[in-house]
Number of protein chains: 2
Amino acid sequence: MSTAASRRRPATIHDVAREAGVSRGTVSRVLNGGHYVSPAAKAAVDAAIRRTGYVVNRHARSLITGKSDSVAFLLTEPQERFFEDPNFNVLLRACTQALADRDIPLILMIAGTEDERRRNLRYIEAGHVDGVLLVSSHSGDPVVARLHEAGVPVVACGKPLGQTTRIGYVAADDRDGAREMVRHLYATGRRRIATVTGPLDTPGGVERLAGYRETLAECGLPADEDLVVTGDYSRASGAEAARTLLARAPDTDAVFVASDLMAQGVLDALARTGRRVPEDIAVGGFDDSPAALSSQPPLTTIRQPWDRISAEMVRTLLARIAGEDPATVILPTELVVRDSA
Amino acid sequence: MSTAASRRRPATIHDVAREAGVSRGTVSRVLNGGHYVSPAAKAAVDAAIRRTGYVVNRHARSLITGKSDSVAFLLTEPQERFFEDPNFNVLLRACTQALADRDIPLILMIAGTEDERRRNLRYIEAGHVDGVLLVSSHSGDPVVARLHEAGVPVVACGKPLGQTTRIGYVAADDRDGAREMVRHLYATGRRRIATVTGPLDTPGGVERLAGYRETLAECGLPADEDLVVTGDYSRASGAEAARTLLARAPDTDAVFVASDLMAQGVLDALARTGRRVPEDIAVGGFDDSPAALSSQPPLTTIRQPWDRISAEMVRTLLARIAGEDPATVILPTELVVRDSA
DNA sequence: CATGCATCTGTGAGCGTTCACAGTAGAGAA
DNA sequence: TTCTCTACTGTGAACGCTCACAGATGCATG
């Protein structure tokens, strides 16, 4: 036997209409913008809604409109990254908020495995959500194509790589952020500047590396492939990369690391070899994650405007749902100077 | 103009019925368990479903059943905690997964402010979700009472404090975890064992402190209130608490900190005063968060079984929705010995 | 004074399901 | 044979909403 209070039958649009002394149609119009409704009728309906505690039944509405008034936040990353990377949190939270402001629920979907991917696609393709906020950085992700094919509005976070289909996305200016950091390292007198890149099948990996290369050239420094090591965004891979780097080019005096988490790994490895940061070697990170503050020493890094990214993702997705063309939004990054460089 | 492929009209139960040469009713019965359906009819319907790519329209179903087949994950915490605390991530992820296994979408709701709280309650009370996974640790949270009053099935994460209403919850055995840690500190020879508690309006704060006190008594150590300092689970508060502690009782040789994050703060403060961990002073944390591994030195801590907690939350919520009484589930914790104690 | 137009209002149909009910067929019991 | 019971199937009526349409009113225009 349930101990919960019994739920009363909730008020319907009929109840409100009767209470306000108007017809269903008028109540419906008030609910949907209030056009073609006299001020008196609107006032009566508003009052009736307040008295009855009426809330629209979204299922009934959705059944007829064919829209669900909800969007999915779809994460197609291996599990670990979700947890190690604090960016996801910020993104998820800000998207939830931006949607909540418009009274649109966010449905969280995590597709780490092939099986989960299938299940989520099935759900989305069935039209159960109006659009998808896609967080998936790996190139050749079949999800993007499938969603596009199904005609589901999608906005990606970060440029989707290796896609032939045109799809809207919002991204930080990775390339310019990398440029800014390398310029900073150069400006503080460093001349043997290495980099630890992210995976090269991710836009962040590719673009930040490109920015690094461009700036080296711009500063007249030689392009030395010994100075480029690839990581996978994990802390461990950062440490590993630092060891590789030190073995290859012991005279490295600065390293631009494509994520704060990897930068922490780099700092660990550097500390173990007895090098002082920033005296012996400068370290620059990327992301301005919480980890950047708690590392020893605090990390000079590039801040990504996650709040704005989320807000823009939601805005462009809703525009896309409303029928606009896919849009691309690139947002500026910001250099945050702390002690490590 | 939209560049997206046009969506075809999705198949309805009618289409499937025609295709299979049976009636709507029979298709519906197949969809809902297949009782009272002949094997031949079932096979025909299954084939027709496959051919047409039919997926039920959840809105139509929900409209008539009055169930939404979705669950809310409601977080009523100030924003910062959500991000600083990695437990939330694990919890969220595992709940999403456990629900996905049953084909139930999770709707993420974050209610940091009063305004958001109101909005989310409104949504839930309107019956848009079948139940709520509640993550809210502060006592006297009005949300709990409101949800109970509305008759919405709820399962909380952690014991809801200061509630007169009986509500189901799933929690780790905080008290026993604390006991285990303090016993470990005692067993390694510590005799002036202090504690940094969590906020005392949270179950974790209260229970872990109780476990600490019990074990002190059990070991025959005097209860010295100078050794008890309260934090707020943040890293900064840990550092602050450590300074207070050292000033009050410089002879402290061990400290049980009620969260890993605060323990990191404690380690920071200790390092600043030149004390060695664990030689001069042992530090025990709680949570076994990723931070525990990356701290210097790696933290001895208490692991909470988040996977099991999530699974149990989902299981008991679904049972509650199905009409069972509220249940309480307490899961055991585990001592993880690393270098700090 | 008729006509047109803009503003407002009510009505009926229908969205895709489930559910209750009526009905059929076949097996076994009386 | 007739009756009962079980297994199965089809049909109409909802569920609560929106949308198209028809009708009504008031005001400016010809």
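Just so it is clear, the model here is predicted, and its values are computed rather than measured. So that the names make sense, note that chain A is the first sequence line, chain B the second, and so on, each numbered from 1. No hydrogens, no waters, no symmetry mates; every other heavy atom, side chains included, goes into these values.
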Taking all non-hydrogen atoms of both residues, which atom of [X] and which atom of [Y] are closest, and how far apart?
X      : Y      : result
T26(B) : A41(B) : CG2-CB, 4.2 Å
V56(B) : L31(B) : CG1-CD2, 3.6 Å
R24(B) : A17(B) : N-CB, 3.8 Å

What is the distance, rounded to the nearest whole Å, between atom [atom1] of [X] and atom [atom2] of [N]?
X      : N       : atom1 : atom2 : result
K67(A) : dC19(D) : NZ    : P     : 12 Å
N57(A) : dC15(C) : CG    : P     : 18 Å
R61(B) : dC15(C) : CZ    : P     : 19 Å
I13(B) : dC15(D) : CD1   : C1'   : 15 Å
D15(A) : dC15(D) : CG    : P     : 11 Å
D69(B) : dG16(C) : CG    : P     : 19 Å
I64(B) : dT17(C) : CD1   : C1'   : 6 Å
R18(B) : dG10(D) : CZ    : P     : 14 Å

Q | Interface with DNA chain D, restricted to residues 21-51 of chain A and to heavy atoms under 4.0 Å | A | R24(A), S28(A), N32(A)
Q) Using 30° and 60° as the class limits, which term best fits the ring planes of H128(A) and H59(B): parallel, tilted or perpendicular? A) perpendicular
Q: State whether the side chain of S62(B) and the backbone N or O of K67(B) hold a donor-acceptor pair below 3.5 Å, judged by distance alone.
A: yes
Q.
Less than 3.5 Å apart, any donor N or O on the side chain of D15(A) or T52(A) sitting next to an acceptor on the other?
A. no
